[in-house]
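Written below as structure tokens is the structure these notes are about.
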Amino acid sequence: MAVPNPSDIALFGKDPMPRLVSVQPLLNGSQAEVCLYQRSEDGQAIYRITEPFYPFFFLSDIELLRDFPRAQFQFQQLDGANYYRFLIVVQSWSDYWDAIRHIERATDSREKRPDEVYLINNPPQQYLMQTGRTLFKEMGFEDLHRLQLDIEVAASRGFPNAERPEDAIIIVSMTDNRGWECLLDTRHRSEKDLLEELVRVIQTRDPDVIEGHNIYQFDFPYLQTRCDLHGVAFAIGRDGSVPRSFPSSMRFAERMVDFDALEIHGRHIVDTYFQVMSYDVFKRDLPGYGLKDVSKYFGFAPEDREYVDGDTIAQVWQDDPERLLKYALDDVVETERLARHLSGSTFYLTQMLPMLYGQVARTGPASKIEALLVREYLRQRHSLPRSTWGSQVLGGYTDVFYTGVVGPIVYADVESLYPSIMLNYNVKPQSDALDLFPTLLQRLTDLRFEAKRAMKTIDSADLRGELDARQTSYKNLINSFYGQLGFSLALFNDFAEADRVAATGQQLLRHIIKLIREAGGTIIEVDTDGVLFVPPETNRGEAAEQAFVKQLSAGMPNGIRIGFDGRFQKMLSYKKKNYALLTYGGALKFKGSSLVSRSNERFGRRFVRKAVRLLLEEDIQGLHDLYLATRDRILAHRWEEVADFSRTETLKDNAEAYLADVAAGKRTRAASYELAMARAQETGQPARKGDRITYYITGSTANVTSFENCHLADAWDPNAPDENTAYYLKRLDEFTRKFEPFFTEHDFRLIFSPEDLFGFSPAGITLISNMRAVEDVEDEIPF
DNA sequence: AGCTGTGGCAGGGAGG
DNA sequence: CCTCCCTGCCAC
């Protein structure tokens with residue numbers, strides 16, 4: 001074996017330990033090729049990857065691979081005599097991943113990252129898809145063959161117990177984007193036959209994409225479990241293979257979703273549930289993430305849509321199976337519309353990334369940006385950096401200067417604050433030797449601008465839809481660049497730069513505050529990139545307000561533009577990130593967890609909503625009446641349903657992790673977990689991460705320990721209500737306390753108390769507001 | 001092992 | 001009582 005050229009070796013890592021790097025393989029028919037490069041004999045590290053994408057794994061001894069029986073190994077000579085390629089040939093994806101796990105187990109791979117990874121070959125054919133089709137730029141989203149799938153299960157809460165016979169799948173409904181529909185059910189066939197038929201139908205229809213709502217966490221694992229139970233091979237791959245799964249997770253803002261990712265050979269999975277959540281990260285407008293909620297929100301529900309409550313499925317199946325079949329079919333019809341609406345941008349994103357469509361649909365934005373960077377580094381044959389250790393310190397600037405009812409209100413925000421800062425203040429990770437970060441960001445920004453401009457000049461609705469999907473995909477990428485800098489696992493992270501972006505954002509916001517004040521406006525509240533303020537007396541009315549914002553924008557540094565993002569009659573300013581806005585159309589918009597949190601009981605949310613409206617209308621008598629009415633309802637147990645006062649919580653851990661944390665003193669006991677575990681004792685259904693537990697508080701005094709005084713919502717009987725009235729009266733008091741700052745203590749007590757000894761009169765009660773003293777705002781804008 | 005961040009409010013439990 | 005800490009949910 002010849003020794004590599006030392007001048008090239010200098011490019012490589014300085015790590016003295018012998019290592020190997022493996023990367024994601026390129027599918028070549030049913031064979032996967034993984035190419036690893038051996039290190040040189042003289043002790044210098046060399047890393048070579050022919051089919052590069054993401055350097056996950058490193059091993060300390062190439063010999064380890066020889067212990068793995070299901071792979072073949074060979075050496076090939078490359079680049080004259082200088083380099084050797086070490087080739088692993090495996091027969092299937094699962095063998096590949098098994099090999100990787102084998103390597104991982106035998107080494108402590110996490111701690112042994114080389115400083116740099118040098119990659120030699122040309123980039124992969126990015127658009128080669130596992131479907132056997134190619135995603136050339138000319139191909140449109142509509143050319144995909146998409147199949148939607150949904151299952152109905154007899155037992156209403158069956159999933160974790162899928163082994164029990166009563167948990168059988170009773171209906172499989174399917175549609176596709178070519179007008180085909182299909183219903184399979186167990187009225188005239190066994191469940192086993194149904195599953196076998198399902199596999200046949202999928203193979204016959206041969207779709208590129210399988211879509212479903214929450215299909216990753218429910219339909220697929222459930223189908224797999226039932227197939228295993230009956231000994232049916234769930235062979236839906238294009239090569240007749242069964243799906244391969246591995247644990248994965250995805251984060252949507254604060255919400256972490258754990259799921260078993262699934263790869264079906266030759267096909268892609270798109271879970272509309274994920275798409276809905278990622279849509280909501282930006283919009284924050286959805287009533288819920290369930291299929292029905294979202295379909296109503298988008299107006300996708302069929303006109304004569306059938307609804308069946310989850311708890312009653314078994315009953316409806318007995319009494320009126322046709323109705324349940326229609327319901328199941330409506331589900332997939334909605335799924336198709338939802339996917340058509342939301343997954344176009346994912347599709348066009350795939351054309352830009354060295355990733356498969358299904359992979360793009362289930363990975364977060366950070367890995368996508370990194371894929372773009374890595375691909376170009378590979379193409380330029382440049383070494384890749386290693387991620388650095390540390391953490392970001394700074395975030396956005398938030399403040400509230402005025403609380404109370406105030407108006408009129410204008411909302412102005414900096415357009416694309418962080419991307420604009422990164423472009424105009426030369427932000428780039430220190431490790432980005434090729435300056436790709438700013439170049440890519442600029443290019444994507446230009447592309448998005450072009451797409452948006454083209455949309456305005458084009459008549460065809462179809463083409464406009466495609467352009468919109470494209471510009472959305474650019475936007476998603478652009479917005480992820482900043483996150484990349486502060487992400488500890490990203491190869492191109494740079495915490496100092498992330499802080500510089502945040503600090504610049506803070507300064508820009510302070511500058512805006514100063515400009516508005518100098519012009520005679522009153523700042524109410526600011527958050528990161530936007531300002532809510534009362535425009536100066538001289539600038540009232542929509543046109544004048546627009547002009548005012550335009551003038552503000554002119555006072556900003558180059559490349560930083562302020563947009564007019566809304567105007568409102570009035571505002572109730574409560575706390576930072578917590579306020580309500582009254583539009584000129586009379587609608588109310590609520591912001592902030594203390595006003596709208598879904599963790600609050602429904603009666604409390606309704607109380608707060610109504611009270612805020614009354615407050616904005618300065619209807620003191622109305623407030624008092626609302627308080628009395630709500631109080632009476634609690635005292636009389638006058639609930640429409642248990643959901644009016646129950647609380648729903650999502651388990652963040654499974655029972656074992658929870659108990660371990662409790663034992664370690666890391667957390668306290670919580671009602672939701674205790675109830676889930678109690679239920680597990682009774683039904684054998686384990687408490688799983690992600691379970692939604694709905695419960696209410698029992699007992700007789702207001703200060704009860706909730707985890708010892710709680711029942712599952714299902715246990716509540718309207719004929720023998722046992723909810724804790726004293727506790728819920730206390731909750732009502734907690735909701736009223738939000739309005740304390742807006743009245744004198746005396747007035748507040750009058751309004752929110754039942755003691756009408758002398759009758760209640762709103763006379764003389766006025767709202768009070770609070771203006772914080774205006775401090776000097778430092779203004780050190782780097783112009 | 002395929003995972004964007006900080007800032008902020010509120011409630012519950014535990015312990016002083 | 002109060003404070004501290006953790007968790008959940010939300011804004012951007």
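Keep in mind that this is a model prediction, so the values were computed, not measured. Numbered from 1 within each chain, the chains take letters A, B, ... in sequence-line order.
Listed pair A/Lys738 / B/dC9 fails the phosphate criterion, with no side-chain N or O lying under 4.0 Å from OP1 or OP2. Taking only side-chain nitrogens and oxygens, A/Tyr579 comes nearer than 4.0 Å to OP1 or OP2 of C/dC12. In this model, the phosphate group of B/dG12 is approached by a side-chain N or O of A/Tyr727 to a distance below 4.0 Å at OP1 or OP2. Put simply, A/Tyr574 has a side-chain N or O that comes within less than 4.0 Å of OP1 or OP2 on B/dA10. For B/dG12, the OP1/OP2 oxygens have a side-chain nitrogen or oxygen of A/Arg647 closer than 4.0 Å. Of the side-chain N and O atoms in A/Lys577, none sit less than 4.0 angstrom from OP1 or OP2 of B/dG8.
Ring geometry, A/Phe259 versus A/Tyr216: the interplanar angle falls from 30° to 60°, so the pair is classed tilted.
Heavy atoms of A/Ser594 sit under 4.0 angstrom from primed sugar atoms or phosphate atoms, though from no base atom. If you check every strand for non-hydrogen atoms under 4.0 Å, A/Tyr482 touches nothing. The residue A/Arg669 sits close only to the backbone: its heavy atoms come under 4.0 Å of sugar-phosphate atoms, none of a base. At the heavy-atom level, A/Ser593 lies under 4.0 Å from base atoms of the strands shown. Contact annotation for A/Phe735: no contact, since no heavy-atom pair falls under 4.0 Å across all strands. A/Leu394 comes within 4.0 angstrom of sugar-phosphate atoms only, judged by non-hydrogen atoms across all strands, and of no base.
Remark: the A/Glu649 side chain and the A/Tyr695 side chain contain an N/O donor-acceptor pair separated by less than 3.5 Å.
Distance from the side chain of A/Lys591 is smallest for C/dA11 among the nucleotides C/dA11, B/dG11, C/dC9. Taking only side-chain atoms of A/Gln392, from C-beta outward, the nucleotide of C/dC12, B/dT4, B/dT6 with the closest atom is B/dT6. You'll find that the side chain of A/Lys575 is closest to B/dA10, out of C/dA11, B/dG12, B/dA10. Comparing C/dC12, B/dA14, C/dC10 against the side chain of A/Arg598 picks out C/dC10 as the nearest.
For C/dC12 and B/dC3, the P atoms lie 27 Å apart once the distance is rounded to whole Å.
At distances below 3.5 Å, at least one donor-acceptor pair connects side-chain atoms of A/Asn493 with backbone N or O atoms of A/Phe487. Of the possible donor and acceptor atoms, one in the side chain of A/Ser553 sits under 3.5 Å from a partner among the backbone N and O of A/Ile562.
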Can A/Phe645 and A/Tyr728 be said to form a ring pair (Phe, Tyr, Trp, His ring centres under 6.0 Å), step by step? CA-CA 8 Å; A/Phe645 61 92; A/Tyr728 286 106; 5.4 Å; yes
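Between A/Arg731 and A/Gln484, the residue anchored nearer the 5' end of DNA chain B, judged by the nucleotide with its closest heavy atom, is A/Gln484. Residue order along DNA chain B, read from the 5' end via each residue's closest nucleotide, puts A/Gly483 first among A/Gly483 and A/Thr398.
Nucleotide C/dC9 holds its P atom 17 Å from the CZ atom of A/Arg602, rounded to whole Å.
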